[in-house]
Structures are given as structure tokens and as C-alpha cells.
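Naming: A, B, ... by sequence-line order, numbering from 1 per chain.
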Amino acid sequence: MTTSKYLPREIEPKWQKRWEESGIYRSVEDPDREKFYCLEMFPYPSGDLHMGHMRNYAIGDAYTRFLRMVGYNVLYPMGYDAFGLPAENAAITRKVDPAQWTRQSIEKMKCVQKRMGLSYDWDRTLATCEPEYYHWNQWVFLQFLKKGLAYRNAAPVNWCPSCSTVLANEQVENGGCWRCGSNVQQKDLEQWFFRITAYADELVQDLDRLEDWPERVKIMQRNWIGRSEGAEIHFPLVGSETVISTFTTRPDTVFGITYMVLAAEHPLVGELVRGTDREEPVRQFSERVKGKSTIERTDETREKEGIDTGRCFINPVTGERFPILVADYVMMEYGTGAVMGVPAHDQRDFEFAGKYGLPVRVVIEDDARSIKAETMEQAYVDDGTMVNSGPFDGRNNREAMSDFVGYLEENGWGQASISYRLRDWLISRQRYWGTPIPVVYCETCGTVPVPEEDLPVLLPDDVTFTGEGNPLAASSSFGQTTCPGCSGHARRETDTMDTFIDSSHYFFRYTDPAYEQAPFDPEKAAYWMPVDQYIGGIEHAILHLLYARFFTKGLRDLGLTDVGEPFSRLLTQGMVIKDGAKMSKSMGNVIPAEEMMDKYGADTARMFILFASPPEKELDWNDHGVEGSFRFLNRVYRLVCKNSHLFDKPEDRPDELPDGSLSLVHAAHKTIKKVTEDIRNRFQFNTAISAIMELVNELQRFSSDGGELQPGDRWAMAEGLRTVILLLAPFAPHMAEELWELTGGSYSVSVQPWPPYDPALAVSRTVQIVVQINGKVRARFEALPDSSGEDLERRAMENPKIIELLKGKELVKSVVVPGKLVSLVIK
RNA sequence: GGGGGAGUGGCGGAAUCAGGUAGACGCACGGGACUUAAAAUCCCGGGACGGUAACGUCGUGAGGGUUCGAUUCCCUCCUUCCCCA
């Protein structure tokens with residue numbers, strides 16, 4: 001008998017070394033085997049590996065290990081999202097080289113990841129800050145430029161004064177910077193954009209194909225893209241050739257227009273009032289409005305402000321003139337920056353019109369009651385019958401909608417149109433630690449892309465980090481260059497790319513990280529892509545996942561891949577909570593991953609993380625709970641050691657099994673079935689682990705029941721223990737290896753076939769049947785699982801307690817559910 | 001304001017997909033065994049109320065509905081978290 005103790009500190013490094021030396025987690029393309037690409041969102045290498053990371057990897061690794069045992073050819077890589085602000089900030093405050101700082105952090109993180117025992121193919125590791133990687137950011141940029149998917153434009157942009165950079169719309173949260181929270185200001189700048197709106201429709205439509213994505217992520221994306229159908233209508237300006245266009249989702253209310261409002265940023269505002277007595281007040285008003293934040297301007301509860309321009313437009317459908325105003329609640333980013341005012345049928349317009357004495361004209365009536373403009377207390381926004389609408393009077397507005405748009409089109413007043421909330425992706429950043437945008441500005445040739453053969457445009461070393469402005473712009477070696485076209489003097493673009501570009505195609509790069517001709521080898525990508533299972537935090541529901549989807553479609557249209565959607569299945573893990581708050585540095589409630597592993601070992605940490613909560617839910621951290629997982633692993637270890645003699649001379653299964661052993665065999669098969677289904681179909685690691693615990697409890701009872709074990713018992717016990725080891729292999733891989741070896745198994749447990757189960761054995765030998773009377777449980781009895789309904793009913797009626805309760809009553813009805821219950825209704 | 005989740009013992013959570021024994025598994029707690037003692041380990045207990053007990057009544061945020069039967073399905077409401085404004 002072995003009496004050794006469970007010592008994770010000894011066995012974990014031992015097996016990690018063996019895995020590395022034997023290279024069993026390296027993946028190779030094999031057309032004869034079914035592939036499975038499992039991926040976790042790669043981390044930003046801050047150097048600290050926190051619980052959120054640990055949870056992410058524990059989930060992914062357990063699933064991957066399971067898949068390997070089930071027989072898939074698995075790709076499971078890891079890399080580092082290595083560009084970004086923290087490295088640059090460290091450079092400013094601590095005078096360290098961002099590249100060096102980042103590489104050190106990566107090594108630190110990798111070290112912790114290795115200690116966790118994760119089964120990555122480490123040969124495929126990449127870091128986005130390396131020229132071999134960002135080369136391909138630049139390459140894709142050039143291809144996008146050729147296809148018109150990248151362009152430069154002057155636009156009002158979101159500016160974070162604290163980070164001294166512009167931000168994409170997706171990076172503005174509640175009017176503040178997503179990183180530092182500072183109030184975002186609007187600034188007019190020349191910037192580079194990616195034309196994500198070209199794919200707006202496809203990005204919405206393809207969401208329907210993503211059946212294995214959480215519904216809420218799809219809803220968030222759908223809302224973010226904000227596709228709305230309606231019409232664009234053109235209004236002639238009185239006394240001018242100019243036409244003002246507006247987008248509306250309610251073209252059926254055009255007869256009810258009584259005014260128009262423009263955004264303060266609308267390019268026509270200046271022209272409208274030039275030289276009139278309205279010029280100065282309107283200019284002042286516009287300036288004041290521009291200084292307000294977006295949240296303030298779009299807050300629906302706030303009173304809206306406007307100012308008359310003194311100019312009028314003509315409503316083409318009626319020929320009437322109405323005033324044009326400038327108002328604070330209209331944003332240039334949405335629609336066309338001009339909004340037609342229909343006070344009777346839009347609540348915001350109604351309030352605005354009330355404040356400025358603008359007329360209200362009812363054009364849709366409630367079918368139940370008549371609506372009078374004079375007595376309305378709020379806008380009528382529902383559907384109804386069109387009135388005051390010329391040829392459309394009497395028709396239902398919803399049904400008449402498309403006819404009405406046709407009517408506008410025939411007369412040249414407008415046309416059907418689709419509007420998106422989604423804006424083009426602003427990718428320029430005035431920062432150093434990112435991918436240089438490969439463009440030069442030549443005095444004679446203008447904007448010139450850097451030729452592909454000159455890539456990558458490397459980040460220069462001769463920079464100083466002062467915290468003010470972009471260090472790249474101050475570098476003498478970088479800024480000045482010669483034009484690739486005319487060899488004349490040229491100036492380099494000093495902006496770098498948004499780091500979300502890095503994470504928009506890294507999953508392709510893993511399929512062949514050393515490939516030198518393109519971002520990836522099309523053939524290898526064809527084998528591995530798409531990612532079959534992607535795992536990461538819900539916080540990336542919009543930003544990263546939308547950009548990655550767009551990028552994939554862009555790469556597809558460059559002919560590099562056939563894949564249109566990068567991630568077939570998505571699992572969004574819940575946050576890690578401690579003491580009722582998100583575990584975070586700012587809350588001061590962080591448990592470092594390393595500390596956990598020092599104390600209990602990686603297997604315990606992984607086990608607890610998976611056991612404490614289902615992956616999608618929040619995980620409530622509890623120090624005592626970890627203790628429980630540690631105890632469980634100790635128990636398993638002891639149990640196997642105590643019974644190790646059973647494996648000295650393996651026995652064959654006897655023809656006849658003693659009763660207790662037979663029950664044990666049933667329990668083992670039932671457990672295999674449950675664990676298999678919980679992992680494969682539901683990602684329910686917590687219930688899978690519970691099931692293993694139950695089996696362990698049963699084995700322990702069986703082995704300590706006293707008395708000599710019969711030959712059949714010995715066989716059943718050995719089988720039960722081997723089953724437990726195999727089932728634990730995805731969750732506690734180090735211990736599983738150790739015990740597998742101890743029981744005479746061959747290396748490695750992680751490539752053993754997953755244990756099969758016999759459905760006939762994967763049921764309890766007897767089931768408990770309950771007898772209900774009028775819905776209340778009154779008696780129970782044991783029966784065989786396949787007992788017939790008649791049999792069960794007869795046995796229920798023979799039950800002394802039931803006979804007693806039935807005395808003097810009339811049996812009205814009985815319902816029998818075989819294997820479950822007999823329900824009697826009496827009067 | 002709009003959209004989407006979630007509410008079950010002292011705690012994390014099961015059962016909810018497909019209506020059928022609510023509380024699996026674990027933590028914390030209580031009792032016992034082993035020990036000179038402790039730790040570790042092993043065994044037993046446990047939703048609430050009443051009862052020595054058998055057992056009974058109540059019980060899954062609140063209220064209603066459907067059903068022989070509702071934690072599960074439907075309606076209304078409350079609380080809370082997330083996303084968008």
C-alpha cells in the first residue's frame with residue numbers, strides 16, 4: 001500500500017515538464033481527423049494574471065482536454081495583445097522602454113499560465129507588438145486602402161484630453177473615455193477610418209447564422225449597429241437652390257411636419273444665417289451647444305433648447321413653408337444631422353414645439369377616438385388612420401407606408417433609405433505604442449501608401465516619453481522620409497492604429513504564426529478556421545467581437561479566406577465577484593492567481609473555479625470554498641493510494657458481479673453519462689464535478705464498508721477508480737496524470753480515450769416512485785425503472801397508507817408517469 | 001426612458017431546456033469517533049414551524065392564472081445587475 005500524501009507542489013512541476021518535453025499538446029493539421037479550434041480571448045500583458053484570466057483559462061483548458069480525449073484534433077493557442085497604453089504610461093512614469101516592459105510582462109504572465117498547467121501549443125504564441133505581427137496590420141491596411149475600406153477624412157471626433165488621443169465611438173462610455181473616464185470632447189481632425197459601415201447590413205444579417213452565440217450578445221450588436229428602415233426626404237430651402245435632406249423612420253407623418261431642426265454642427269447652419277440679423281445669435285447658440293457633452297444633449301428628460309434661423313423650407317408634399325431651427329438635441333452623428341419636426345406624432349418634437357410655439361398638425365388618428373391638436377397632452381406615437389394626408393386619407397399608416405415612400409419617389413421628393421447607428425471605425429491614435437500607419441505625405445504626390453515590400457514600418461527607438469503629445473511626432477528618424485513615388489521630401493504619418501485592429505485577426509495568425517507571405521497561410525487557415533469555440537468576457541460583446549467580425553469579412557473579400565464569421569460558438573464568462581463587488585484592483589479585493597497556486601496548487605484552483613458557479617454566471621469568490629476543493633482532491637488521492645494494490649494484478653471482469661458491485665458499476669456509468677453531457681452540451685462544469693464527487697463518495701463508502709472484497713468487488717472498485725481519474729483529467733490534469741501512472745496507466749492520461757458508457761447501465765437499478773393524492777406526496781416506494789404504468793398504479797393502490805387515505809373517498813382520476821409517480825385525484 | 005438577464009436554506013449553487021419527490025454537490029455550522037491534546041481524517045445531523053416520535057402544516061421575491069400537479073408555463077408587480085440612451 002502506498003501511503004504518500006497529495007503534494008501538488010511536487011507533482012505539478014513534474015508533469016508540466018514532462019508535457020513540455022514530450023510536446024503532446026502541439027497541434028498539426030490532419031485532414032483525416034475532425035478539427036476543433038478552441039480559443040480564449042488573448043490577454044493584455046499587464047504582468048498580473050488575475051482571477052478573471054484564470055477563470056477564462058480554466059474553462060477553456062478543461063473543455064480542450066475533454067475534446068482531445070473525445071478524439072478531436074485540437075488547436076488551442078495563446079498569445080498577447082501587447083500594444084496599448086499601460087506600457088506607454090509605464091514609459092512616461094518609470095522611464096522604461098515600452099517594448100522591454102511589455103516583453104517582461106509577457107514572460108511573467110506566461111510563467112503563471114504554465115504553472116496553471118494549461119495545454120496550449122506554446123509553439124504558436126504571438127505578441128502583437130512584434131514587427132512580425134504588426135507587419136500584417138500594415139499590410140491589411142494597405143489592402144483595405146486599395147479597396148476603399150480605409151480612408152482619411154476630416155470629421156468631428158471624440159477626443160480624450162487626458163489620454164491625448166481620439167477615440168472610436170465604441171470607446172466612449174457614458175460620454176467618458178473607456179480607459180480613464182475623462183469627459184470626451186468633440187474636435188475636428190483629419191483621421192483614418194475603416195469603412196465598417198460597408199458591412200453594416202451583413203453584420204446584422206449574419207447574426208442570425210450565429211446560432212451558438214448568447215442571445216444577449218447578438219441583441220447588443222444588433223442594437224449597436226442600429227439598422228432602421230425609413231426614407232430620406234429632400235426639402236428645398238426657400239430662396240435658394242439648396243436642398244436639405246433628412247432621414248426618418250416615419251415617412252407616413254410627412255404631412256404633419258411643421259418645422260425642421262438642424263444640429264449645431266450641420267454644415268448649412270453658417271450659410272443659412274450669413275449676413276442676416278440671426279447670424280450672431282445663432283453662432284453663439286451653436287458654440288454653446290457644441291461645448292455640451294453628448295449625454296447632456298441626448299438626455300430625454302432634459303428640456304431641449306433651440307433657436308430660429310429665420311429661414312424656411314418647403315414641405316414638398318403640401319407646398320407649405322415652415323421654419324428651420326437649430327437645436328441642441330440633434331446630433332450630427334445620427335442620420336443626416338437634420339430632423340423633420342412632427343410634433344403630433346413624436347414626443348420629443350411635441351415638447352419642443354410646445355416650448356417654441358410651433359404648430360401641431362395631426363395626420364394619424366387613433367381608430368378608437370379622435371385627436372385634436374389643440375387638446376393633445378402628448379404626442380400620438382401609435383398606429384392609426386391617416387388624416388390631413390392628401391391622397392392617403394383614410395388609410396392605415398402602417399399599411400400605407402411603402403405606398404407613401406413610392407409616392408415620394410415618383411415625385412422626386414425622396415426615396416426609401418436605410419440608416420445605421422453604426423459609424424465608420426476611427427482607427428487613428430496619437431500614441432507611440434501601436435502599429436504605425438504605413439502612409440507618407442508628400443508635398444507633390446499627396447498621400448502615398450508605403451509599398452508592401454517596404455513593410456513593416458518599424459517603431460523608432462529614438463523617442464522620449466514626456467507625457468505630452470505623441471512621441472512619434474517628435475522622433476527625428478521617423479517623421480522625415482522620402483516619397484516612394486517621386487523620391488522627394490515626405491513626412492510620415494505619425495499616428496498609430498487602434499489596438500483593436502491587432503485583436504481583429506490574431507485568431508487567423510495562430511493557424512500559422514511564422515508565415516511570411518501574408519497574414520496567414522490560406523491552406524492552414526482553411527483547415528482550422530473558423531474558431532469552433534471562443535471564450536471570453538461579456539465586456540467585449542460589442543467592441544472586439546464586432547471589429548473581429550468586420551475584419552473577417554474584409555479578409556474574405558480580399559480573397560484570403562472563405563470564412564465569413566470568425567467564431568462559431570461563443571461563451572461569455574461571468575465576472576469574478578468578491579465581497580459583493582467585482583474583483584478588481586480599484587476595489588482592493590484581488591486574490592492573485594499565484595497566491596492561490598502557492599497555497600493549494602493549480603489543480604485545486606482550477607477545480608474550485610469551475611465548481612463554484614456555471615461559467616456564464618458570476619463567480620462569487622469564497623476562501624473556504626477553495627479549501628473544499630483541496631479536500632476533495634486529497635480524498636481522491638488517498639482513496640486511490642489506499643487501493644493501489646488493486647492495480648498490481650489487473651483482474652478481468654467476472655461473469656457474475658455481487659450486488660454491491662453491480663450498483664457501483666451502474667453509478668460509474670451514470671456518472672460518465674452525466675459528466676460527458678454536462679461538458680459537451682452545456683458547459684456545466686459545476687454539475688459535472690458534483691457528479692464526480694458523488695461517485696467518489698460512493699467508492700469511498702464501498703471500500704470502507706468492511707469485510708473482504710470479493711473478486712468482482714475488486715474489479716468494480718478498480719474500474720470505478722480508473723473512471724474517476726479519467727473524468728478528472730480535464731479538471732485536475734496534474735493529479736490525474738500522477739494517479740493514472742500509479743494505477744499502471746500509460747502516458748499520458750490526457751490522450752487516453754474518454755471513457756464510454758453503456759446507456760443500459762447508466763441508470764439507477766431501482767427508482768423511487770411517489771404517490772400523490774390531490775397533488776401532495778403521500779407515499780413512496782421502490783420500483784424497477786421499466787415497471788409498467790399498470791404495475792405502478794396497482795402497487796400504489798396496495799400501499800397501506802394510500803388505502804387508509806382513500807377510505808370513504810371517491811377516486812376521480814389517476815395519472816401515472818412511469819419511472820416517476822402515480823398521482824391520484826379523490827373527492 | 002428603451003432593451004436584456006437574475007431573484008431558491010446561513011452561503012455558493014442543483015432541479016428550470018421538455019411541468020412530476022425542491023434544496024444534488026460543496027462551504028459554513030452542530031454532534032460523535034480517533035488523539036494525552038490539537039490539526040488532519042472518518043461517521044452522523046441539518047429549509048421553517050409544531051411534535052419525544054411516526055408525522056403534519058408551510059415553503060423557490062409578491063400577487064393572480066393554467067394544470068391532477070408549477071421553482072419550471074402565462075399575466076401583473078417588486079427588487080437587483082448588465083447594455084444602450
Side-chain angles (χ1 to χ4, degrees), chain A residues 5-6 169-170 172-175 214-226 293-302 329 331 334 347-348 421 537-543 572 574-575 577-578 580-582 607-614 616-632 634-635 638-639 642 671 674 677-678 681-682 684-697 700-701 703-705 767-781 801 811-827:
Chain A
K5 210 170 165 269
Y6 171 49
N169 276 17
E170 286 82 349
V172 181
E173 291 169 356
N174 285 331
E215 203 52 42
R216 64 194 202 110
V217 173
K218 292 197 275 184
I219 288 168
M220 278 191 233
Q221 292 217 349
R222 211 169 268 129
N223 291 343
W224 184 263
I225 298 167
S293 72
T294 306
I295 358 171
E296 200 183 336
R297 284 174 67 174
T298 52
D299 180 359
E300 281 169 34
T301 59
R302 183 191 56 92
Y329 68 90
M331 304 298 295
Y334 304 116
Q347 186 59 26
R348 204 166 53 173
R421 210 183 77 99
I538 184 77
E539 65 272 21
H540 296 107
I542 297 170
L543 290 166
T572 48
M575 287 190 304
I577 305 287
K578 186 161 186 287
K582 182 182 170 168
M607 200 77 187
F608 173 67
I609 286 169
L610 296 175
F611 176 66
S613 182
E616 305 233 54
K617 277 187 81 165
E618 291 178 347
L619 188 154
D620 204 329
W621 190 264
N622 176 320
D623 291 334
H624 294 299
V626 192
E627 207 82 49
S629 294
F630 186 59
R631 272 207 289 261
F632 170 69
N634 271 290
R635 209 156 66 229
R638 265 196 314 273
L639 188 64
K642 200 180 110 194
T671 306
K674 171 138 184 76
E677 288 171 356
D678 280 355
N681 310 337
R682 310 197 309 160
Q684 291 264 99
F685 303 110
N686 56 331
T687 49
I689 292 171
S690 310
I692 301 172
M693 286 173 169
E694 283 180 84
L695 180 59
V696 169
N697 291 344
Q700 184 149 1
R701 264 194 300 276
S703 78
S704 65
D705 255 1
V767 290
Q768 197 175 59
I769 303 294
V770 302
V771 187
Q772 294 184 344
I773 292 181
N774 290 349
K776 294 200 167 167
V777 180
R778 295 302 181 183
R780 302 156 205 267
F781 61 88
K801 218 185 139 189
L811 182 64
V812 185
K813 185 177 177 181
S814 69
V815 180
V816 183
V817 183
K820 294 247 158 126
L821 57 64
V822 178
S823 178
L824 307 171
V825 188
I826 62 170
K827 258 202 305 212

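- Using the six-membered ring where Trp is involved, Phe630(A) and Tyr6(A) have ring planes that are tilted, between 30° and 60° apart.
- Dashed line: the shortest gap from a side-chain N or O of Arg421(A) to OP1 or OP2 of A85(B) is under 4.0 Å.
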(request) Summarise how protein sits on nucleotides 42-61 of chain B as a single string, 5' to 3': B when a protein heavy atom is under 4.0 Å from the base, S for sugar-phosphate-only contact, - for no contact. (result) S-------------SSS---
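- Listed pair Gln684(A) / A15(B) meets the phosphate criterion, a side-chain N or O lying under 4.0 Å from OP1 or OP2.
- Within 4.0 Å of Arg216(A), counting heavy atoms only, lie sugar-phosphate atoms of the nucleic acid but no base atom.
- Taking the side chain of Val817(A) as heavy atoms from C-beta on, and the options G26(B), C84(B), G20(B), the nearest nucleotide is G20(B).
- Distances shorter than 4.0 Å separate some side-chain N or O of Arg682(A) from OP1 or OP2 on A15(B).
- Mapped onto RNA chain B by nearest heavy atom, Gly628(A) and Pro614(A) fall at different nucleotides, with Pro614(A) at the one closer to the 5' end.
- Note: CG (Asp620(A)) to C1' (A28(B)) measures 14 Å, nearest angstrom.
- Regarding Gln772(A), its CD atom lies at a distance of 15 Å from the P atom of G19(B), rounded to whole Å.
- An anti base is found at G19(B): its glycosidic angle is more than 90° from 0.
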(message) Wobble G-U and Watson-Crick pairs count when both distances are under 3.5 Å; given that, what is the 5' to 3' dot-bracket string of RNA chain B, with | for pairing to other strands?
(response) (((((((..(((.......[....))).(((((.......))))).((((....))))..(((((..]....)))))))))))).
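- Nucleotide G26(B) holds its C1' atom 6 Å from the CE atom of Met693(A), rounded to whole Å.
- Residues Ile538(A) and Arg216(A) have side chains in contact (heavy-atom distance under 4.5 Å, counting atoms from C-beta outward).
- Nucleic acid contact for Ile219(A): sugar-phosphate only, since backbone atoms but no base atoms lie under 4.0 Å from a heavy atom of the residue.
- For Asn686(A) and A14(B), the shortest distance from a side-chain N or O to OP1 or OP2 is below 4.0 Å.
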